[in-house]
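I have placed the structure first, in the form of structure tokens, so that the comments after it can refer back to it.
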Amino acid sequence: MLEQIAGGLALGGVYALIALGYTMVYGIIELINFAHGEIMMLGAFYVLAFSVSMSPDISNAFAIYTSIAFYFAVDSHLNKRFGLYGIAFAVILAFFFWFSSRKLFIAEITPLIAIPLAVIATAISGMALERIAYKPLRNSPRLAPLISAIGASLFYQNLAQIIFGTHRYSLPMAVKISNAKILGSNFALAPVLIILSAVVIMIALHLFIAKTRIGTAMRATAQDKYAASLMGINVNAVIAMTFAIGSALAAVGGLLFTIHQKTLWPYMGFMAGIKAFTAAVLGGIGSIPGAMLGGFILGIVESLGAGLFGEAGYKDAIAFVILIGVLLFKPTGILGKRSVIKV
Amino acid sequence: MIKYLKKIREKKGKRWFALALIFALLPLLHLYYPHISFRLFDDRIDFHLGVYSLALLYVALAMGLNLSIGFIGMLDLGFAAFVGIGAYTLAILTNHSTLPFWIFIPVAALTAGFVRMVLGATCLHLRGDYLAIVTLGFGEIFVTLLKNNPGGLTGGPDGIPLSLLRLSLSDLTRFWLAYFFAMLAVWTVYRIKFSRIGRALESIREDEIAAEAMGIPVYRLKLLAYSLGGVIAGGIGALLAVEVGSAHPSNYDFFESARIVAMVVVGGTGSIFGSALGAIGFVFLLEIFRPLAEYRMLIFGAVMVLLMIYRPKGLLETERKRSKKKLSKLDCQK
Amino acid sequence: MSFFGMKNISSAYGKTDVLHGINIEVGQDEIVTLIGSNGAGKSTTLMTIMGIVAKTCGEIIFDNLNITELEPHEIVKRGIVLVPEGRRIFHRLTVEENLRMGAFLFTRHDKSMFDKAFALFPILAERRRQFGGTLSGGEQQMLAIARALMSSPRLLLLDEPSLGIAPKLIERIFEALHKIHEEGTPILLVEQNAKLALEISDRAYVLENGKILISGTSREIACNEDVIKAYLGI
């Protein structure tokens with residue numbers, strides 16, 4: 001029972017981290033970023049690509065993708081000074097893949113370097129996604145960006161499949177962690193580690209949003225973009241940054257999900273993404289504490305539910321039943337604000 | 001002005017007539033060239049009657065989905081589930097009875113329509129993107145159910161084979177069945193669009209609150225259009241299962257829904273002819289680019305994004321909009 | 001060359017032209033007012049200056065700098081700040097956070113700016129921990145003005161500061177505007193209440209159908225018979 005709750009909390013922490021991305025983006029531009037699950041998958045693959053030497057083909061393809069994404073991420077959002085750094089960074093990144101593939105560099109770099117690099121690269125992907133698929137549609141009817149998001153989601157799934165193939169990979173550091181026990185006991189280390197890192201990250205994010213100047217600017221932009229621009233806030237940059245932060249969190253979520261599942265594969269983002277979205281809706285979409293709460297609740301319910309029904313096959317349906325139930329009976333979620341229909 | 005309207009109608013009728021004629025002549029083509037095949041990337045691409053019937057069936061499915069996306073502006077990401085309901089209804093019933101299968105096509109249609117009506121009645125009041133997510137959730141629950149084989153009915157992850165039924169019908173019979181039902185679906189949707197109800201639905205899509213204020217029974221009409229989509233999905237789903245030769249859970253998952261959404265979107269939401277062309281084009285292109293495997297879906301995703309950015313109304317703009325523009329110009333000249 | 005000048009500006013919402021060749025100047029120590037009826041293009045003029053509504057031709061010069069093509073946030077950086085119509089304060093930020101957003105471009109917080117704002121509108125000091133949405137209309141307007149002043153603007157634009165506010169508070173607000181002007185900030189004011197606006201301002205423009213009809217010192221305008229008939233309601 002305790003193991004199950006720990007497992008559920010760990011899964012919930014992962015959902016919560018991914019849900020934060022959904023909720024932040026929804027809070028600021030009222031868009032369901034359908035491709036967010038795929039961003040999380042990319043994050044996991046970035047960790048893989050940075051920490052294990054891949055075949056040259058894979059490395060080259062991934063390096064090319066990253067450079068293109070970087071170009072779009074810096075394009076027009078940030079000032080030109082940054083653009084120059086961006087190109088330099090892209091070149092370094094490309095070389096990095098190249099070297100690591102040929103074992104000329106270091107065969108396996110430490111997680112301490114691989115994880116931050118992967119987080120940055122995923123944030124870049126998120127910004128590129130926003131720049132290409134959502135920014136041109138900011139003033140279109142609501143369904144247009146949603147369809148565009150579905151298109152982006154299919155694109156990323158198949159891109160990952162083309163680059164990495166359909167089979168499952170295992171991440172050495174994830175395997176190491178998921179086999180480890182807490183010192184001198186029988187209790188698995190992984191859930192504790194996952195919960196701890198998720199909670200720490202969420203507290204950090206909360207402090208960032210609540211206390212800092214940029215965080216306040218994000219809240220201001222979410223409330224009133226026009227007024228925010230009159231304050232001298234660069235609304236486009238704030239939106240891009242929201243995507244960057246959400247994607248960075250998704251990358252961490254992807255890594256933790258990989259630790260939890262012990263493997264990673266190109267379609268991992270779809271189901272996890274929808275479940276994380278469920279968590280966001282459950283907690284109240286647009287609300288950051290709500291996403292955390294929703295994530296943990298969903299994780300526990302899912303793991304207890306699977307144990308209770310004794311049929312693991314129905315496990316995936318639990319999240320959807322909750323999703324539909326919440327949307328029908330309390331669409332604002334647990335902590336959400338009531339949204340007013342504007343006439 | 002009336003004369004002008006008639007002219008437009010005639011022109012549109014001609015377009016449809018041409019399309020219907022082309023498809024009616026395909027069996028003739030089949031007679032002389034049973035397999036149109038060519039090589040692409042070292043693979044043999046083969047066009048035969050099966051592909052044509054598939055295209056026809058997808059035309060009908062696009063009609064059904066267009067009833068919700070195009071007519072009332074409700075994105076549906078679980079449409080394939082209703083196709084699946086039709087398919088499984090037919091598969092289960094034919095496996096458990098000795099009656100001829102075609103009796104079950106209306107049963108399949110009505111079952112799917114009924115389920116869709118119940119779903120619509122509970123959640124049509126939701127806002128557009130929330131409704132999309134609810135339908136997505138519904139679709140996933142449906143697929144999960146199928147895979148778990150409740151009561152030993154659905155055959156679990158392997159589905160229910162219908163290959164015997166498929167073999168009992170000739171290719172030509174299946175083609176004409178598809179042809180008949182596709183025409184029926186097109187005709188129904190066409191009639192609705194250019195009727196009083198169609199105009200009411202259009203006003204709902206443009207501004208629900210204003211429509212309500214005009215005395216249009218918004219909820220009932222939305223429900224009508226929505227459930228009718230289910231009826232079409234169910235009937236066609238049954239035929240599709242026969243055509244494919246099985247009812248299999250993976251044929252009705254989210255990706256199938258996304259494919260049908262893409263057909264409608266590419267052709268133009270709200271445009272009947274556009275979504276028909278979208279469906280035909282899709283089926284043919286997917287067939288032609290079969291050797292490209294994942295690249296197909298990659299390109300397909302990218303095309304969806306690009307279309308939304310550059311041609312959000314689809315490759316063909318909606319017909320009604322265009323005719324309205326012309327009429328208003330005419331009115332100004334008076 | 002005056003401190004701020006827009007020359008022959010036209011602007012459009014999509015394909016609908018709204019302004020047709022507007023020329024407005026504001027000197028370094030002036031309060032200038034724009035009066036006109038509903039839909040004359042007053043708010044549009046201000047939004048055009050801020051770069052929110054697209055310009056189709058003309059140019060805007062501010063302190064010898066061409067700011068025609070800049071983005072809103074860049075214009076704010078140059079020192080032009082708009083207090084928008086309907087206040088547009090951030091309802092779910094506290095009063096203090098609202099003020100802090102006003103000083104967004106100053107990375108280092110200057111406590112004296114807060115003191116200045118609270119000296120101008122003491123009521124805000126009492127409410128500094130409250131959410132902006134809980135303030136009354138007049139208080140919100142004060143907050144909006146104080147927020148705009150947080151970045152020490154070099155030109156203050158105000159859009160209908162008296163709209164929907166109790167008469168007593170309107171007086172207070174206009175006193176504050178007077179004080180702001182005394183301290184050396186030029187003001188471009190858009191106001192429905194023409195009488196009030198003409199009293200406080202040095203010069204005025206009368207706008208109609210997106211064109212400037214009459215311009216001159218406030219006294220001249222206040223004596224103009226057409227203006228009296230149309231806007232002063234006597």
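Labels below follow one simple rule: chain letters A, B, ... track the order of the sequence lines, proteins then strands, and each chain is numbered from 1. Only a predicted model underlies this, so the values are computations on that prediction, with no experimental measurement involved.
For chain A, no part of C:M150 is nearby; none of its heavy atoms comes within less than 4.5 Å. Contacts between C:M101 and chain A at a heavy-atom distance below 4.5 Å involve backbone atoms as well as side-chain atoms. In this structure, chain C has no heavy atom under 4.5 Å from any part of A:A222.
With values rounded to the nearest 0.5 angstrom, C:E85 atom CD is found 8.0 Å from A:Y226 atom OH. Here the CG atom belonging to A:D224 is positioned 4.0 Å from the CZ atom belonging to C:R88, to the nearest 0.5 angstrom.
When all heavy atoms are compared, the tightest approach of A:A220 to C:F90 is O-CE2, 3.4 Å. Shortest non-hydrogen contact noted between C:V76 and A:L230 is CG2-O, 3.3 Å. Residue A:S229 comes nearest to C:I52 through the heavy atom pair OG-CD1, 4.5 Å, listed as atom of the first residue, atom of the second, then distance.
With hydrogens and angles disregarded, a donor-acceptor distance shorter than 3.5 Å links the side chain of A:Q223 to the backbone of C:R92.
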Derivation and outcome, side-chain contact (heavy atoms from CB on, under 4.5 Å), residues C:H73 and A:I233: CA-CA 6 Å; C:H73 63 97; A:I233 296 169; 6.0 Å; no
C:R147 and A:M231: CA distance, side-chain angles, deciding distance, side-chain contact (heavy atoms from CB on, under 4.5 Å) verdict: CA-CA 8 Å; C:R147 186 178 66 174; A:M231 300 298 105; 3.3 Å; yes
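Within a 6.0 Å sphere centred on CZ of C:R172, heavy atoms belonging to other residues, nucleotides or ligands number 12 at most. The number of heavy-atom neighbours closer than 6.0 Å to CG of C:N209, taken from other residues, nucleotides and ligands shown, is 12 or below. Within a 6.0 Å sphere centred on NZ of A:K225, other residues, nucleotides and ligands contribute more than 12 heavy atoms. The neighbour count for C:K77 NZ, taken as heavy atoms of other residues, nucleotides or ligands under 6.0 Å away, does not exceed 12. Within 6.0 Å of the NE2 atom in C:H91, the count of heavy atoms belonging to other residues, nucleotides or ligands exceeds 12.
A heavy-atom distance below 4.5 Å is found between the side chains of C:L93 and A:R219.
In this structure, A:R213 forms a cation-pi arrangement with C:F104, its terminal cationic atom sitting closer than 6.0 Å to the ring centre and no more than 45° off the ring axis.
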